[in-house]
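Encoded as structure tokens, the structure appears first; notes follow it.
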Amino acid sequence: MSKPDTSASCEYSISEEKIGEWVISFDGMMNAATSAPLLKTLETDLKDKTLTTITVNLDHVSYFDDFGALVLFELKHMIPGNNGNFSIVDSENRAKEILYQVNFDEHDKCAPAKKKRSVNMLIRLGDSTISEIANIRMLVSFLGSLVLGLLTVVIHPKRLRFDDTITHIEKIGVDALPIVALISFLLGLIIAFMSSIQLSQFGANIYVASLVALAMVSELGPIMTAIVVAGRSGSAIAAEIGTMKISEEIDALYTMGFDATLFLAVPRVIAAVIVLPLLTLFSDLFAIAGGLVVGVFMLDLTVSSYIGQTLETLTLGELAWGLEKSVVFAVLIAWIGCLRGFQARGGAAAVGNAATSAVVSSIFTIILFDSIFAVIRSYW
């Protein structure tokens, strides 16, 4: 259809067939140039009339676009309460395609917006409380389901999906190694540099190696590795399972008799428990290497003296303590990531919300449990 002449006009006539039943016949072009005048005059002409039925005749309309559809929308909603009858006569089907594109029969875009009710603060507090209780209930329920799944794998190892577990080990561990190594190297370098400023005043440069080793192996190594994995892999786990949830693939698993927790969550938890301690070891090594760079090039220490001091400071207990924490962090990351994925509801936005919630919740619980470990160690 050629572009209409914006200078064209559109006229209409109004007739009442019966009481409250009106016929409006348009003649001309219903486009951007004519819609505003039409709406203004129609509102004036129909203002004081009883409207129960409106029939719009478009047989003499030579051009019709979405602005014409807007005029029909307004006419439709002039019927009080939208309870009357609204019909269109269009023997040439000029408006049919446009009205279909704007969902004219279902769309309520031009309906007056309902005023939002103010919600009492106590009601909002109660809703939030109920929501949190339901969330905790599902959290505990999912934890129990996950424990049962792990026990099933221990009793019946063949029920574990080994191929998927290997794939998740690669995604969570191998693919995360470069970023963990880089962050740990820079963190070790920063710790060594900042501590050297103070220790060099007392001629205790050699103890920079001890500080870096103890800080990274027992505290910063496990927690920084867990935070990186939570941001990288925890969000991916939540997004993957969340996508399956909203696309009803998980419902299909239940329908076919599969245990979705055993099928999806257990391989990811096992993979995380396997790779996170290994990533923590690599994190410790690269952090010590970063401290070594500062010790050799800024503190005039030799490589052998730095490594010797590191080995003298570290004990097997310190190393085991860090690895034990990394195992707990791995369970938390995989557990929360899977939980947020299973909780996803709605459309595509729910996947992003699940991933974001998984990262935030994982980091919070990691720091919380690290604080608990610190308290336990101080009184041990």
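On a predicted model such as this, the values are computed, not experimentally measured, just so you know. Atoms considered below: every heavy atom in the structure, side chains included; atoms not considered: hydrogens, waters and symmetry mates.
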Taking side chain as C-beta onward, heavy atoms only, is [X] less than 4.5 Å from [Y]?
| X | Y | value |
| --- | --- | --- |
| Leu276 | Val327 | no |
| Gln309 | Thr313 | yes |
| Leu339 | Leu139 | yes |
| Leu72 | Val56 | yes |
| Leu319 | Asp284 | yes |
| Leu187 | Met224 | yes |
| Arg268 | Cys338 | yes |
| Pro222 | Phe329 | yes |

Worksheet item: Is there a donor in the side chain of Arg159 and an acceptor in the side chain of Thr152, or the other way round, less than 3.5 Å apart?
Response: no
Worksheet item: Cut-off 3.5 Å, side chains only: do Asp45 and Tyr12 have a donor facing an acceptor?
Response: yes
With a 3.5 Å distance limit and no angle check, can you tell me whether [X] reaches the backbone of [Y] through a side-chain donor-acceptor pair?
| X | Y | result |
| --- | --- | --- |
| Ser305 | Leu301 | no |
| Asn31 | Thr34 | yes |
| Ser195 | Ala192 | yes |
| Asn353 | Ala349 | yes |
| Ser141 | Arg137 | no |
| Thr44 | Lys40 | yes |
| Lys171 | Ala176 | no |
| Ser247 | Thr243 | yes |
| Thr41 | Leu38 | yes |
| Ser283 | Leu279 | no |

Discussion item. The test is side chain to side chain contact (heavy atoms under 4.5 Å, CB included); show your working for Val61 and Asp27 and say whether it passes.
Written reply: CA-CA 5 Å; Val61 173; Asp27 185 359; over 6 Å; no
Applying a strict under-4.5 Å side-chain criterion to I, L, V, M, F, W and Y, I'd like to know whether [X] and [Y] cluster together.
| X | Y | result |
| --- | --- | --- |
| Ile166 | Ile172 | yes |
| Val23 | Phe26 | no |
| Ile197 | Phe297 | yes |
| Val273 | Val180 | yes |
| Ile307 | Leu285 | no |

Closest approach of [X] and [Y], non-hydrogen atoms and distance?
| X | Y | answer |
| --- | --- | --- |
| Val359 | Ala230 | CG2-O, 3.8 Å |
| Cys10 | Met29 | CB-O, 3.2 Å |
| Tyr306 | Val208 | OH-O, 4.4 Å |
| Leu299 | Asn205 | O-ND2, 3.8 Å |
| Thr261 | Ser145 | OG1-OG, 3.0 Å |
| Ile241 | Gly341 | CG2-C, 3.7 Å |

Item to complete: Tell me, with the steps shown, if Glu318 and Lys325 meet salt bridge (Lys or Arg N to Asp or Glu O under 4.0 Å).
Response: CA-CA 11 Å; Glu318 293 288 345; Lys325 291 202 298 184; over 6 Å; no
Check this for me: [X], atom [atom1], are more than 12 non-hydrogen atoms of other residues, nucleotides or ligands nearer than 6.0 Å?
| X | atom1 | value |
| --- | --- | --- |
| Met138 | CE | yes |
| Ile376 | CD1 | yes |
| Arg345 | CZ | yes |
| Glu249 | CD | yes |
| Phe282 | CZ | no |

Hey, what do you get for [atom1] ([X]) to [atom2] ([Y]), rounding to the nearest 0.5 Å?
| X | Y | atom1 | atom2 | value |
| --- | --- | --- | --- | --- |
| Thr225 | Ile183 | OG1 | CD1 | 9.0 Å |
| Leu151 | Ile155 | CG | CD1 | 6.0 Å |
| Ser196 | Gln201 | OG | CD | 10.0 Å |
| Ile223 | Met216 | CD1 | CE | 11.0 Å |
| Ile191 | Ser184 | CD1 | OG | 9.5 Å |
| Gln343 | Ser357 | CD | OG | 7.0 Å |

Worksheet entry | Stepwise side chain to side chain contact (heavy atoms under 4.5 Å, CB included) test for Val71 and Phe67 | CA-CA 7 Å; Val71 175; Phe67 288 94; over 6 Å; no
Worksheet item: What class does the angle between the rings of Phe373 and Trp321 fall in, given that below 30° is parallel, 30 to 60° is tilted and above 60° is perpendicular?
Response: perpendicular
Worksheet item: Relative to each other, are the rings of Phe142 and Phe342 parallel, tilted or perpendicular (30° and 60° limits)?
Response: tilted
Worksheet item: Is there a side chain to side chain contact (heavy atoms under 4.5 Å, CB included) between Asp175 and Arg232 once you walk through the steps?
Response: CA-CA 10 Å; Asp175 295 345; Arg232 184 185 176 279; 2.9 Å; yes
Worksheet entry | Pair Ile366-Ile333, side chain to side chain contact (heavy atoms under 4.5 Å, CB included): steps then yes or no | CA-CA 8 Å; Ile366 287 168; Ile333 293 169; 3.9 Å; yes
Discussion item. Here's a test for you: under side chain to side chain contact (heavy atoms under 4.5 Å, CB included), which of Leu70, Leu42, Ile88, Leu39 qualifies with Leu75?
Written reply: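 Of all the options given, the one that passes is Leu42.
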